Amino acid sequence: MRILGIESSADETSAAVVEDGKNLLSNIVASSLKLHEVYGGIVPEIAARSHLEVIIPTIEKALADAGTNWQDIDAIAVTKGPGLIGSLLIGVLTARTLAISKNKPLYAVNHVEAHVYANFITETKLQNYQLPKHQPQFPCLALIVSGGHSQLVLFKNHGDYQILGQTRDDAVGEAYDKVAKMLGFPYPGGPSIEKAARLGNPQAINLPQAKLDGEYEFSFSGLKTAVLRAAQALIGEDYTFPSSKLPERLNEAQKADIAASFERAALLALVDATAKATIRLNPKSIVIAGGVAASGGLRRELEDKLPLAPTYTDMKLCTDNAAMIASLAYYRHSMDTPADTYSLSPEPNLAM
Ligand code: KG4
Ligand code: ZN
């Protein structure tokens, strides 16, 4: 079964063709990132306009790269939410129109759940994809960490899962992005924090771990504030000093130390909760999913601390992509009824 996936929840417009949920035939990702960089975060209106401009060529390229024409496509899958309303609308309306005009069933999927399914893609003839050798087995513990989400989920089977815990406030990727902004690094912050952290001392600044009632819960908002206070103190200023002026006052060594200390504290929280859940629940597989799963530090720490090697996939499938949308739709299509092509609407706050 060949599914065309369409993803447009944030700043990436993506289309992909995946066969039987595991064989990646094509994956095209067009990002409007460059247009947002000067603002230090995604500007929703710019993202939506950019989706509109590139979505059709992106889909055409995904079909061409897969060596497929419309007759070979069995279904269309699209991200229904969560995400930015204007961005989601472009993907959903395009998918609805194509499903009607090409007479294909349409499946609407949850973006956060789909991140986990990037790890079910194990085959491709495409160049430059480092894929996991085996699919995850159930019960499967998933650490989903992105710019919008931080949660630990136990999958008992496809479509049968339990959320063990999630963030009370900021997502971990959001904390990376905000700390990067304080240091004057470009958006998104993850890759630049990781790069700077390699030159810094992770013990330089003592940052607190959030104390929470729930064993598998996270909180990253306090950590972000603690980083701000530490940065102000490093340059001899008090809490009234504006964060926007920090990049010009901190030197490179101080920035590296802040990045390294922040990364250590953020990863510690994720690794501790994942290790605790692993011991308690004894999963057969552990997967890391979402943009922050691209973090080399997170991968190494989890490998060190867990009794079971975690599964993660190619960086290109960790950040937003349509291949994961097509894969999830394949594993869910037998339990879900196809969406109504005349009424499907996006759900910006869709929960798992
Ligand atoms: O999954 P994703 O592409 O978009 C969302 O659905 O949010 O995740 C983007 C997030 C950003 O916050 C970015 O800073 C983070 O993933 N990220 C990283 C790394 N690469 C991307 N965080 C830590 N280390 C990285 N190497
Ligand atoms: Zn995402």
Side-chain angles (χ1 to χ4, degrees), residues 3 5 18 20-24 77 79 107 109-124 129-146 148-167 171-172 214-218 267 269-295 298-315 317-321 323-336 350-352:
I3 300 185
V18 178
D20 296 339
K22 61 172 194 256
N23 186 6
L24 181 66
T79 304
Y107 293 95
V109 307
N110 181 307
H111 175 92
V112 183
E113 186 182 350
H115 267 299
V116 176
Y117 280 76
N119 295 282
F120 281 85
I121 298 172
T122 52
E123 294 167 28
T124 190
Y129 277 87
Q130 302 277 330
L131 301 180
K133 293 209 168 46
H134 307 286
Q135 290 196 323
Q137 285 183 283
F138 298 113
C140 166
L141 178 66
L143 175 65
I144 311 173
V145 276
S146 73
H149 299 271
S150 307
Q151 50 194 39
L152 260 176
V153 183
L154 185 70
F155 280 77
K156 293 166 199 153
N157 209 328
H158 296 298
D160 179 11
Y161 54 78
Q162 178 195 353
I163 297 174
L164 302 173
Q166 49 198 328
T167 183
V172 62
E215 268 186 307
Y216 309 122
E217 288 198 338
F218 305 108
L267 297 185
L270 299 175
V271 173
D272 270 3
T274 311
K276 231 183 271 170
T278 305
I279 292 162
R280 197 70 55 84
L281 304 165
N282 199 22
K284 282 206 176 114
S285 296
I286 301 166
V287 310
I288 336 173
V292 183
S295 158
L298 178 60
R299 293 172 175 197
R300 280 191 301 277
E301 288 287 316
L302 285 172
E303 267 162 22
D304 276 3
K305 305 260 167 63
L306 297 178
L308 185 69
T311 300
Y312 46 77
T313 189
D314 195 278
M315 305 261 187
L317 297 181
C318 286
T319 47
D320 289 349
N321 66 85
M324 66 188 198
I325 305 301
S327 177
L328 171 57
Y330 173 78
Y331 291 103
R332 289 203 70 129
H333 83 276
S334 55
M335 39 188 138
D336 292 350
L350 184 68
M352 260 184 84

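On a predicted model such as this, the values are computed, not experimentally measured, just so you know. Note that these values count all heavy atoms, side chains included, but never hydrogens, waters or copies made by symmetry. Heads up: numbering here begins at 1 and tracks the sequence.
Residues forming a ring pair (Phe, Tyr, Trp, His ring centres under 6.0 Å) with Y330 (at least two apart in sequence, or on another chain): H333. By the side-chain hydrogen bond (donor to acceptor under 3.5 Å, both in side chains) test, N119 pairs with no residue at all, sequence neighbours left out. Listed by chain and residue number, Y161 satisfy the ring pair (Phe, Tyr, Trp, His ring centres under 6.0 Å) test with F155 (two or more places apart in sequence, or in another chain). For E123, there are no salt bridge (charged side-chain N to carboxylate O under 4.0 Å, His left out) partners, not counting sequence neighbours. Taking the side-chain hydrogen bond (donor to acceptor under 3.5 Å, both in side chains) definition, one finds that Q137 meets it with nothing, sequence neighbours left out.
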Q: Would you check, one step at a time, whether the test side chain to side chain contact (heavy atoms under 4.5 Å, CB included) holds for K22 with Y331?
A: CA-CA 10 Å; K22 61 172 194 256; Y331 291 103; 4.1 Å; yes
(Q) Show, in sequence, the C-alpha distance, side-chain angles and deciding distance for K156 and Q162, and conclude whether the side chain to side chain contact (heavy atoms under 4.5 Å, CB included) test is met. (A) CA-CA 8 Å; K156 293 166 199 153; Q162 178 195 353; 3.5 Å; yes
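For the pair H115 and M324, the minimum side-chain heavy-atom distance is below 4.5 Å. In this structure the side chain of I286 never reaches within 4.5 angstrom of the side chain of L302, judged on heavy atoms. You'll find the side chain of L281 reaches within 4.5 Å of the side chain of L164, heavy atoms only. Within the 4.5 Å cutoff, side-chain heavy atoms of H111 are placed close to those of D320. Annotation: side chain of R280 is in contact with side chain of E215 (closest heavy-atom distance under 4.5 Å). Considering only heavy atoms from C-beta on, E113 comes within 4.5 Å of R332 through its side chain.
To the nearest 0.5 Å, atom CZ of residue R299 and atom CG of residue L267 are 12.5 Å apart. The line from OG1 of T274 to CG of L141 is 6.5 Å long, rounded to the nearest 0.5 Å. With rounding to the nearest 0.5 angstrom, the CD atom of Q135 is 6.0 Å from the CZ atom of F120. Remark: Y129 OH to T313 OG1 distance equals 9.5 Å, nearest 0.5 Å. Taking CG of L131 as the reference point, atom OG1 of T311 lies at 12.0 Å (rounded to 0.5 Å). Here I3 contributes atom CD1 and L328 contributes atom CG; the two are 9.0 Å apart, rounded to the nearest 0.5 Å.
Here the shortest heavy-atom pairing between L298 and A293 reads CD2-CA, 4.3 Å. Taking each heavy atom of A77 and A326 in turn, the nearest pair found is CB-CA, 4.3 Å. Nearest heavy-atom pair across Y216 and A273 is CD2-O, 3.8 Å. Between L317 and N321, the shortest heavy-atom distance links the atoms O-ND2, 3.0 Å. What you find for L306 and A275 is that their closest heavy atoms are CD2-CA, 3.5 Å. Nearest heavy atom pair, residue A277 against residue L152, reads CB-CD1, 4.2 Å.
For the side-chain contact (heavy atoms from CB on, under 4.5 Å) test with I144, the passing option among V287, V112, I288, V292 is V112; the others fail.
Contacts classified as salt bridge (charged side-chain N to carboxylate O under 4.0 Å, His left out) and involving residues 301-314 (residues at least two apart or in different chains) are given here: E301-K305, D314-K316.
Of the possible polar contacts, none joining the S327 side chain to the A323 backbone as a donor-acceptor pair under 3.5 Å is found. Side-chain atoms of T124 come within 3.5 Å of backbone N or O of L24 as a donor-acceptor pair.
Crowding of K284 atom NZ: a count of heavy atoms from other residues, nucleotides or ligands under 6.0 Å not exceeding 12.
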